[in-house]
Amino acid sequence: QVQLVESGGGLVQPGGSLRLSCSASGRSFSSVALGWFRQAPGKEREFVAAVSWSGARIYYGDAVKGRFTVSRETENTVTLQMNSLKPEDTAVYYCAAGPTAQAMADSRPPILVDDWGQGTQVTVSS
């Protein structure tokens, strides 16, 4: 059974930082891209960041470029370091696995994502 489990969400003030982690299990992820999407209430699920299986290719959504950093820690783990957080970053953040990082970045809606985590809430508010 494939599982993607996120951790690290919470409440943070504007300008603050949070670090999300995702641990994947249930099959081999050695040739699979891992990444993050987010969904705010009443909005479509939005691409945030993705990293290839080798870590060599990384993509970011326009809204988070320069503030978020995605890292492939191991074959099965991916992290998202979020800095300079804004209230508009408030959303449920989902870990995702897909065929390539570019496919995950370009697919709108994200139909090329193979596996999803349950999501973790990130709230940016004073």
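Being a predicted model, the structure only gives us computed values, none of them experimental.
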Provide the closest heavy-atom pair for [X] versus [Y] in the form atom of the first, atom of the second, distance.
| X | Y | result |
| --- | --- | --- |
| Asn83 | Ser17 | OD1-OG, 2.9 Å |
| Arg72 | Glu75 | NH2-O, 2.9 Å |
| Ala40 | Ala91 | N-CB, 3.9 Å |
| Ala101 | Val51 | CB-C, 3.9 Å |
| Met104 | Leu34 | CE-C, 4.2 Å |

Open item on the list: The test is side-chain contact (heavy atoms from CB on, under 4.5 Å); show your working for Phe47 and Ser107 and say whether it passes.
Closed with: CA-CA 9 Å; Phe47 172 73; Ser107 178; over 6 Å; no
Quick one: does [X]'s side chain have a donor or acceptor within less than 3.5 Å of a partner on [Y]'s backbone?
| X | Y | value |
| --- | --- | --- |
| Asp106 | Ala103 | no |
| Asp114 | Gly98 | no |
| Arg57 | Trp53 | no |

Task: Phe29 six-ring face occupied by Arg27 cation (under 6.0 Å, within 45°) - done: yes
Task: Donor + acceptor pair across side chains of Ser28, Ser30 (<3.5 Å) - done: yes
Is there a side-chain contact between [X] and [Y] (heavy atoms, below 4.5 Å)?
| X | Y | value |
| --- | --- | --- |
| Thr90 | Gln121 | yes |
| Arg45 | Trp116 | yes |
| Val48 | Leu80 | yes |
| Met82 | Val122 | yes |
| Ser125 | Leu11 | yes |
| Arg38 | Asp89 | yes |
| Phe68 | Gln81 | no |

Open item on the list: Walk me through whether Val70 and Thr79 qualify under side-chain contact (heavy atoms from CB on, under 4.5 Å).
Closed with: CA-CA 6 Å; Val70 64; Thr79 61; over 6 Å; no
Task: Tyr94 ring center near Phe37 ring center (under 6.0 Å) - done: no
Task: Atom CD of Glu44: over 12 foreign heavy atoms under 6.0 Å - done: no
Open item on the list: Please determine whether a side-chain nitrogen of the Lys or Arg among Arg19 and Glu73 lies less than 4.0 Å from a carboxylate oxygen of the Asp or Glu.
Closed with: yes
Open item on the list: Between Lys65 and Asp62, does any NZ, NE, NH1 or NH2 come within less than 4.0 Å of an OD or OE carboxylate oxygen?
Closed with: yes
TODO: Could you please spell out the steps behind the side-chain contact (heavy atoms from CB on, under 4.5 Å) verdict for Val12 and Thr123?
DONE: CA-CA 6 Å; Val12 63; Thr123 302; over 6 Å; no
